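What you see is a predicted model; the values in this text were computed from it and never measured.
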Amino acid sequence: MLKNVSNPKDLQRLLLSLLSTSGTLAGLSMALVGIVNLRAANTKVETLADDMFLFSSLGFLVVCYLVFFTLRRLRSKRVQYWTNAIDVVFLFSLTLLVMSGFVVVYAFL
């Protein structure tokens, strides 16, 4: 996603958008932890989903930190390294969030 952006202004715009999106998804993941814990009976599947939501939330928070760090160093030679790290952590967190959604649907059915 961020790999082929060479213009610093375009990269800044994309990073700010990703910062907003990651913050929103981190909050959503934390809210889903609370929703999963509303049921009286906690099974192992619900506990797994709870942990997956927590780890995805932590991943999105790490993305927020990395984006902020990268925005401060847009003119650096290592900006490509940081954008690759942001892509990997964001993709992992988003995948974990989607997988935990499937686990929750399995637990409630």
Side-chain angles (χ1 to χ4, degrees):
M1 181 176 122
L2 301 172
K3 189 188 319 191
N4 297 324
V5 180
S6 59
N7 187 358
K9 287 292 183 184
D10 290 340
L11 184 60
Q12 180 183 14
R13 184 179 46 81
L14 288 171
L15 286 172
L16 287 173
S17 176
L18 193 60
L19 178 65
S20 174
T21 303
S22 294
T24 302
L25 288 173
L28 179 68
S29 297
M30 291 304 293
L32 289 171
V33 168
I35 290 171
V36 168
N37 285 327
L38 284 177
R39 286 189 63 188
N42 276 341
T43 62
K44 289 182 181 180
V45 175
E46 290 169 347
T47 304
L48 174 67
D50 188 37
D51 291 343
M52 290 171 73
F53 281 132
L54 283 174
F55 283 120
S56 68
S57 179
L58 286 173
F60 288 125
L61 289 176
V62 168
V63 168
C64 289
Y65 176 77
L66 289 174
V67 166
F68 182 74
F69 183 79
T70 305
L71 282 170
R72 307 272 294 163
R73 288 158 178 78
L74 277 178
R75 308 264 184 225
S76 171
K77 293 180 181 178
R78 299 204 32 121
V79 73
Q80 188 64 41
Y81 171 78
W82 293 111
T83 55
N84 287 339
I86 290 168
D87 278 343
V88 168
V89 175
F90 185 81
L91 180 63
F92 174 75
S93 299
L94 190 61
T95 303
L96 194 58
L97 183 64
V98 170
M99 287 174 29
S100 58
F102 283 114
V103 171
V104 166
V105 168
Y106 173 77
F108 283 109
L109 292 181

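In this structure, S17 contributes its side chain and R13 its backbone to no donor-acceptor pair below 3.5 Å. Between the side chain of S22 and the backbone N or O of L19, no donor-acceptor pair lies under 3.5 Å. Between the side chain of S100 and the backbone N or O of L97, at least one donor-acceptor pair lies under 3.5 Å.
One distance of note links CG of L15 with CG of D10; it measures 11.0 Å at 0.5 Å rounding. Expressed to the nearest 0.5 Å, how far CD1 of I86 lies from SG of C64 amounts to 10.0 Å. Rounded to the nearest 0.5 Å, atoms OG1 (T70) and CZ (R78) are 11.0 Å apart. To the nearest 0.5 Å, the span separating CG on D50 from CZ on F55 amounts to 10.5 Å. Here L96 contributes atom CG and D51 contributes atom CG; the two are 10.0 Å apart, rounded to the nearest 0.5 Å.
In the hydrophobic clustering of ILVMFWY residues, with side-chain heavy atoms under 4.5 Å counting as a link, I35 and V98 come out apart. Note on L66 and L91: separate hydrophobic clusters, where clusters join Ile, Leu, Val, Met, Phe, Trp and Tyr whose side-chain heavy atoms are under 4.5 Å apart, directly or indirectly. The hydrophobic clustering, which links ILVMFWY residues whose side-chain heavy atoms are closer than 4.5 Å, places V88 and L58 apart. Hydrophobic cluster membership is shared by L18 and Y81, with clusters built from Ile, Leu, Val, Met, Phe, Trp and Tyr side chains linked at under 4.5 angstrom. Grouping the Ile, Leu, Val, Met, Phe, Trp and Tyr side chains by contacts below 4.5 angstrom, directly or via other members, places W82 apart from F68.
M30 and L54 make their closest contact through SD-CD2, 4.0 Å (heavy atoms, listed as atom of the first residue, atom of the second, distance). When all heavy atoms of V63 and F90 are compared, the pair lying nearest together is CG2-N, 3.6 Å. Nearest heavy atom pair, residue P8 against residue L74, reads O-CD1, 3.9 Å. Contact detail for L71 and Q12: the closest heavy-atom pair is CD2-CG, 3.8 Å. Contact detail for A26 and L61: the closest heavy-atom pair is CB-CD2, 3.9 Å. Scanning both residues, S56 and S93, for their nearest heavy atoms gives CB-O, 3.5 Å.
The environment of F69 atom CZ is dense: over 12 non-hydrogen atoms of other residues, nucleotides or ligands sit within 6.0 angstrom.
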